Undergrad: 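One structure, pasted below without further comment.
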Amino acid sequence: LSGDIQGYAKIIVDEVSRLENILKEILCFVKSSRVNKGNVNINDLLSGIVDFISPEMDERHNTVIKEFSELPIIAVIDPDRIKEAILNIFTNAAQATEHGTITVKTRLEDNEAVIELTDTGCGIKEEDLKNIFNPFFTTKPQGTGLGLAVTHKIIQEHDGKVKVESVWGSGTAFKIYLPA
């Protein structure tokens, strides 16, 4: 293809790809998934996620700081599902932060594995905080509003909980609690 036709073909391919991603998010949210749990070292899982998302962090000139527990933290989880949940939070943190820092911490607290992701980004407005886990709620022009809804669902499937603290203009902290 050449000229305008090549440009139009690229637009079509890009839009089909975008729509496929939206459909995938919707399907992940509505279908009940089978959770395949096993003993997983949370620190190792998070190290892999940080390695995977590093190029996106570098693009926005962000620094990732790892503060992992010295001892391994073992949780009975489905590593693929938890990875999806944490990647959603990391992606949001990367999009909200530029030339900043994203810190990921792990610890054991009251027989729970605690994963804490904190960013120095723009934060979440107080009036939006109550809606961030609602399906289709988004403040992004290109967002579907399913990322954090899926994350919340995955954490609940693991009998865990997620808490969020944010100050508009000062960053956000997500704390995930999973049974150890």
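One-based numbering along the sequence shown. Note: hydrogens, waters and symmetry copies are ignored here, and every other heavy atom, side chains too, is used. The model shown is predicted, which means the values in this text are computed figures rather than measured ones.
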Undergrad: Taking atom CG as the centre, does Leu19 end up with more than 12 heavy-atom neighbours from other residues, nucleotides or ligands that are less than 6.0 angstrom away?
TA: yes

Undergrad: Grouping I, L, V, M, F, W and Y whenever their side-chain heavy atoms are under 4.5 Å apart, do Ile86 and Ile124 come out in a common cluster?
TA: yes

Undergrad: Where the side chain of Asn88 meets the backbone of Gly147, is there a donor-acceptor pair that is under 3.5 Å apart?
TA: yes

Undergrad: For the residue pair Phe68 and Ser47, what are the closest heavy atoms and their distance?
TA: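 Shortest heavy-atom contact: CE1-OG, 3.3 Å.
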
Undergrad: Please examine the side chains of Asn92 and Phe174, heavy atoms only from C-beta on, and report whether any two atoms are closer than 4.5 Å.
TA: no

Undergrad: Would you say that Ser69 contacts Asn43 through its side chain, given a criterion of any heavy-atom pair below 4.5 Å between the two side chains?
TA: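 Yes; the side chains approach each other to less than 4.5 Å.
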
Undergrad: Just so I know, are the side chains of Lys175 and Glu165 near enough to count as touching, which here means a heavy-atom distance under 4.5 Å?
TA: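 Result yes, sub-4.5 Å side-chain heavy-atom pair found.
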
Undergrad: Check each of Val150, Ile155, Val162 against Phe133 using the side chain to side chain contact (heavy atoms under 4.5 Å, CB included) test, and report the only one that passes.
TA: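 Single pass found, and it is Val162.
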
Undergrad: List in chain and number order the residues that pass side chain to side chain contact (heavy atoms under 4.5 Å, CB included) with Val16, two or more places apart in sequence or in another chain; answer none if no residue qualifies.
TA: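 In terms of side chain to side chain contact (heavy atoms under 4.5 Å, CB included), with neighbours along the sequence ignored, Val16 is linked to Ile12, Glu20.
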
Undergrad: Please check: side-chain N/O of Thr120 versus main-chain N/O of Thr101, any donor-acceptor pairing under 3.5 Å?
TA: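 Checking the backbone N and O of Thr101 against the side chain of Thr120, a donor-acceptor pair under 3.5 Å is found.
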
Undergrad: Atom CD1 in Ile77, atom CG in Asp159: separation rounded to 0.5 Å?
TA: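 Atom-to-atom, Ile77:CD1 and Asp159:CG are 12.5 Å apart.
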
Undergrad: Starting at CZ of Arg81, measure out to OG1 of Thr151 and round the result to the nearest 0.5 Å.
TA: 9.5 Å

Undergrad: What do you reckon, is CD of Glu127 surrounded by more than 12 foreign heavy atoms closer than 6.0 Å?
TA: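 Yes, enclosed.
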
Undergrad: Measure across Pro72 and Asn41 and return the closest heavy-atom pair with its distance rounded to 0.1 Å.
TA: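 Shortest heavy-atom contact: CB-ND2, 3.3 Å.
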
Undergrad: Find out if a path of hydrophobic residues (ILVMFWY) with successive side-chain heavy-atom gaps under 4.5 Å connects Val64 to Leu46.
TA: yes

Undergrad: Of all residues at least two apart in sequence or in a different chain, which pass the side chain to side chain donor-acceptor pair (under 3.5 Å) check with Glu15?
TA: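 Expected list: Arg18.
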
Undergrad: At what distance, to the nearest 0.5 angstrom, does NZ of Lys37 lie from CD of Glu157?
TA: 8.5 Å

Undergrad: Does a side-chain heavy-atom distance below 4.5 Å link Phe90 with Val104?
TA: yes

Undergrad: Could you give the distance from CD (Glu109) to CD1 (Ile73), rounded to the nearest 0.5 Å?
TA: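 Result: 10.5 Å between the selected atoms.
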
Undergrad: Looking only at atom types and distance, does a side-chain atom of Ser17 sit under 3.5 Å from a main-chain N or O of Val13, one as donor and one as acceptor?
TA: no

Undergrad: Any chance you could measure Asp128, atom CG, to Glu126, atom CD, to the nearest 0.5 Å?
TA: 10.0 Å

Undergrad: Are Leu178 and Val114 connected in a single hydrophobic cluster, I mean Ile/Leu/Val/Met/Phe/Trp/Tyr linked by side-chain heavy atoms less than 4.5 Å apart?
TA: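 Different clusters.
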
Undergrad: Should Ile89 and Leu148 count as side-chain neighbours, where that means a heavy-atom distance under 4.5 Å?
TA: yes

Undergrad: Are more than 12 heavy atoms, taken from residues, nucleotides or ligands other than Asp14, located less than 6.0 Å from that residue's CG atom?
TA: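 Yes, CG of Asp14 has more than 12 neighbouring heavy atoms, counting only those of other groups under 6.0 Å.
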
Undergrad: Write down the atom of Leu1, the atom of Gln6, and the distance for their closest heavy-atom approach.
TA: O-OE1, 3.8 Å

Undergrad: Could you tell me if the side chain of Ser166 sits less than 4.5 Å from the side chain of Leu129, heavy atoms only?
TA: yes

Undergrad: Counting C-beta onward and ignoring hydrogens, is there a side-chain heavy-atom pair between Val76 and Asn39 closer than 4.5 Å?
TA: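 The answer is yes; the side chains approach within 4.5 Å.
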
Undergrad: If we ignore hydrogens and angles and just use 3.5 Å, is the side chain of His158 paired with the main-chain N or O of Asp78 as donor and acceptor?
TA: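 Between the backbone of Asp78 and the side chain of His158 there is a qualifying donor-acceptor contact (under 3.5 Å).
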
Undergrad: Is there a chain of hydrophobic side chains (I, L, V, M, F, W, Y, each step under 4.5 Å between heavy atoms) that links Tyr177 to Val40?
TA: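 No, because Tyr177 and Val40 fall into different hydrophobic clusters, even though each may have its own neighbours under 4.5 Å.
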
Undergrad: Taking atom NZ as the centre, does Lys10 end up with more than 12 heavy-atom neighbours from other residues, nucleotides or ligands that are less than 6.0 angstrom away?
TA: no

Undergrad: Side-chain contact, heavy-atom cut-off 4.5 Å: Ile132 with Val164?
TA: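 Yes, their side chains come closer than 4.5 Å.
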
Undergrad: Applying a strict under-4.5 Å side-chain criterion to I, L, V, M, F, W and Y, I'd like to know whether Leu87 and Ile176 cluster together.
TA: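 Yes, it is one cluster - the side chains of Leu87 and Ile176 are joined through contacts under 4.5 Å.
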
Undergrad: Between the main-chain N or O of Ile115 and the side-chain N or O of Thr106, is there a donor-acceptor pair closer than 3.5 Å?
TA: no

Undergrad: Might you point out which heavy atoms bring Leu108 and Ala113 nearest each other, and give the distance in Å?
TA: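 Looking at all heavy atoms of both residues, the shortest contact is CD1-N, 4.2 Å.
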
Undergrad: Side-chain atoms of residues 51-62: list all donor-acceptor pairs with protein atoms under 3.5 Å, sequence neighbours left out, distances to 0.1 Å.
TA:
unit_1: Ser54; atom_1: OG; unit_2: Val50; atom_2: O; d: 2.7
unit_1: Arg60; atom_1: NE; unit_2: Ala94; atom_2: O; d: 2.7
unit_1: Arg60; atom_1: NE; unit_2: Thr97; atom_2: O; d: 3.2
unit_1: Arg60; atom_1: NH2; unit_2: Gln95; atom_2: O; d: 3.1
unit_1: Arg60; atom_1: NH2; unit_2: Glu98; atom_2: OE1; d: 3.3
unit_1: Asn62; atom_1: OD1; unit_2: His99; atom_2: N; d: 3.2
unit_1: Asn62; atom_1: OD1; unit_2: Gly100; atom_2: N; d: 2.9
unit_1: Asn62; atom_1: ND2; unit_2: Thr97; atom_2: O; d: 2.9

